[in-house]
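Structure record follows, encoded as structure tokens.
Note that this is a predicted model, so its numbers are computed, not measured.
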Amino acid sequence: MNIEVNGIARTVDDAKSSMTLLSFLREELALKGTKNGCGIGSCGTCTVLVDMKPVRSCVTPLAKCEGKKILTIEGMASADGTLHPIQQAFIDAGAIQCGFCTPGMVLNARALLHKNPSPEREEIRAAFKNVLCRCTGYQQIIDAVELASKRMKQP
């Protein structure tokens, strides 16, 4: 089975195809940025992008990722370590708090801004309704997405 993770083509042994995407990322690729929050697909902490769509990696069978492009938080920054504008906006807006849900939030924001580069506040709220954060109250997250949207449009 073949997949792409953060721009790198991977061949996966068939014996591992029964793993969840989360387990594969954390255990086989040592990509620890993706967190296991609830383990049942309810909290959104484990969100990664599969072909630029947010998925709950804790309940996604790796076998369903055949031929897909997967983006994790580790793949967001530039090769030189420069943070993606979304990552920087989360820092600048104080939307990181404890940081546990942040990777899932950032990737959810990436999917939203890929689909709609200029979302209204209500659209941002709706995009995050199923991603739980216990620290921020979501205001800073909404602010961060708006800030990232503006920055990503600048030349």
Counting C-beta onward and ignoring hydrogens, is there a side-chain heavy-atom pair between [X] and [Y] closer than 4.5 Å?
X: Asn6; Y: Leu71; value: yes
X: Ile73; Y: Gln87; value: yes
X: Asp143; Y: Arg121; value: yes
X: Gln97; Y: Thr102; value: no
X: Cys58; Y: Thr20; value: no
X: Ile141; Y: Val131; value: no
X: Met1; Y: Asp14; value: yes
X: Glu28; Y: Arg10; value: no

What are the two closest heavy atoms between [X] and [Y], and how far apart are they?
X: Gln140; Y: Ala95; answer: O-CB, 3.5 Å
X: Pro103; Y: Gly33; answer: CG-O, 3.1 Å
X: Leu113; Y: Ala148; answer: CD1-CB, 4.0 Å
X: Arg110; Y: Ile86; answer: CA-CD1, 3.5 Å
X: Val59; Y: Gly41; answer: CG1-N, 3.7 Å
X: Ala111; Y: Leu49; answer: CB-CD2, 3.7 Å

Ignoring hydrogens and geometry, is there a side-chain-to-backbone donor-acceptor pair from [X] to [Y] under 3.5 Å?
X: Ser149; Y: Pro117; value: yes
X: Asn36; Y: Leu22; value: no
X: Ser78; Y: Asp80; value: no
X: Lys32; Y: Arg26; value: yes

The single option from Ile3, Leu31, Thr34 passing side chain to side chain contact (heavy atoms under 4.5 Å, CB included) against Phe24: Ile3
Do [X] and [Y] share a hydrophobic cluster, counting only Ile, Leu, Val, Met, Phe, Trp and Tyr and linking them when any side-chain heavy atoms are less than 4.5 Å apart?
X: Leu132; Y: Val106; result: yes
X: Met76; Y: Val145; result: yes
X: Phe90; Y: Phe100; result: no

Rounded to the nearest 0.5 Å, what separates atom [atom1] in [X] from atom [atom2] in [Y]?
X: Ile96; Y: Cys133; atom1: CD1; atom2: SG; value: 11.0 Å
X: Ser57; Y: Leu107; atom1: OG; atom2: CG; value: 9.5 Å
X: Glu146; Y: Ser118; atom1: CD; atom2: OG; value: 11.0 Å
X: Cys43; Y: Arg56; atom1: SG; atom2: CZ; value: 7.0 Å
X: Ile70; Y: Leu29; atom1: CD1; atom2: CG; value: 8.5 Å
X: Tyr138; Y: Met105; atom1: OH; atom2: CE; value: 4.5 Å

Side chain to side chain contact (heavy atoms under 4.5 Å, CB included) between Lys115 and Met52, intermediate numbers included: CA-CA 9 Å; Lys115 184 176 155 187; Met52 292 306 289; over 6 Å; no
